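What follows is one structure encoded as structure tokens, with my remarks underneath.
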Amino acid sequence: MPRPRRHSIQGGCVGAVRIVGLMLAVAGGVLLFTGLKAKDSLTERASELITGRNTEQTTLYVAGGGAALVGGVLLALFGGGRGRR
């Protein structure tokens with residue numbers, strides 16, 4: 001049985017999912033970069049010296065940015081790929 005053709009509306013949805021994935025990856029990259037820059041700051045180093053660990057905000061920036069970056073890349077690569085099976 002032949003497969004039905006995809007309509008442009010459905011193809012637009014696939015493009016929208018990938019665009020959202022790219023936006024999420026960019027936002028995750030910015031958060032990760034911000035967290036890594038904050039990790040090298042003087043106040044962060046002093047806090048780490050006193051407490052032995054990074055501040056909660058810096059940890060959230062690094063962890064959240066990394067997760068958003070990975071999730072965005074995966075969504076951009078594989079998002080909306082129902083037709084590829």
Side-chain angles (χ1 to χ4, degrees):
M1 183 174 202
R3 285 186 171 185
R5 288 186 168 182
R6 280 208 226 176
H7 299 291
S8 62
I9 295 172
Q10 188 178 10
C13 290
V14 171
V17 169
R18 290 184 181 205
I19 290 173
V20 169
L22 287 174
M23 291 179 1
L24 185 63
V26 169
V30 169
L31 280 175
L32 183 62
F33 179 75
T34 303
L36 291 175
K37 285 291 265 188
K39 198 173 181 177
D40 292 335
S41 70
L42 183 61
T43 55
E44 185 70 26
R45 286 184 183 188
S47 174
E48 186 178 3
L49 183 65
I50 294 170
T51 63
R53 60 185 185 157
N54 294 323
T55 61
E56 185 177 334
Q57 185 177 7
T58 302
T59 304
L60 287 175
Y61 275 138
V62 172
L69 180 64
V70 170
V73 167
L74 290 175
L75 191 62
L77 291 176
F78 304 113
R82 267 192 310 171
R84 289 187 173 181
R85 292 182 192 188

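Owing to the predicted nature of the structure, the values given are computational and were not obtained by experimental measurement. Numbering of residues begins at 1 and proceeds along the displayed sequence.
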_ILVMFWY cluster, Val26 and Val70 together (side-chain gap under 4.5 Å)_ =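 Not linked; separate clusters.
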*Can you establish whether the number of heavy atoms outside Glu48 located under 6.0 Å from its atom CD is more than 12?*
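Atom CD in Glu48 is crowded, with more than 12 foreign heavy atoms closer than 6.0 Å.
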For the student: nearest non-hydrogen atoms of [X] and [Y], plus distance:
X: Arg45; Y: Lys39; value: CG-O, 4.3 Å
X: Leu32; Y: Gly66; value: CD1-N, 4.1 Å
X: Thr58; Y: Ala38; value: OG1-CB, 4.1 Å
X: Gly28; Y: Ala68; value: CA-CB, 3.7 Å

Using 0.5 Å steps for rounding, measure from the [atom1] atom of [X] to the [atom2] atom of [Y].
X: Leu36; Y: Leu31; atom1: CG; atom2: CG; value: 11.0 Å
X: Leu74; Y: Leu69; atom1: CG; atom2: CG; value: 9.5 Å
X: Thr55; Y: Leu60; atom1: OG1; atom2: CG; value: 8.5 Å
X: Thr59; Y: Glu44; atom1: OG1; atom2: CD; value: 7.0 Å
X: Phe78; Y: Arg18; atom1: CZ; atom2: CZ; value: 9.0 Å

*Within the side chain of Ser47, is there an N or O that forms a donor-acceptor pair under 3.5 Å with the backbone of Thr43?*
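No; judged by distance alone, with no hydrogens or angles, the pair does not exist.
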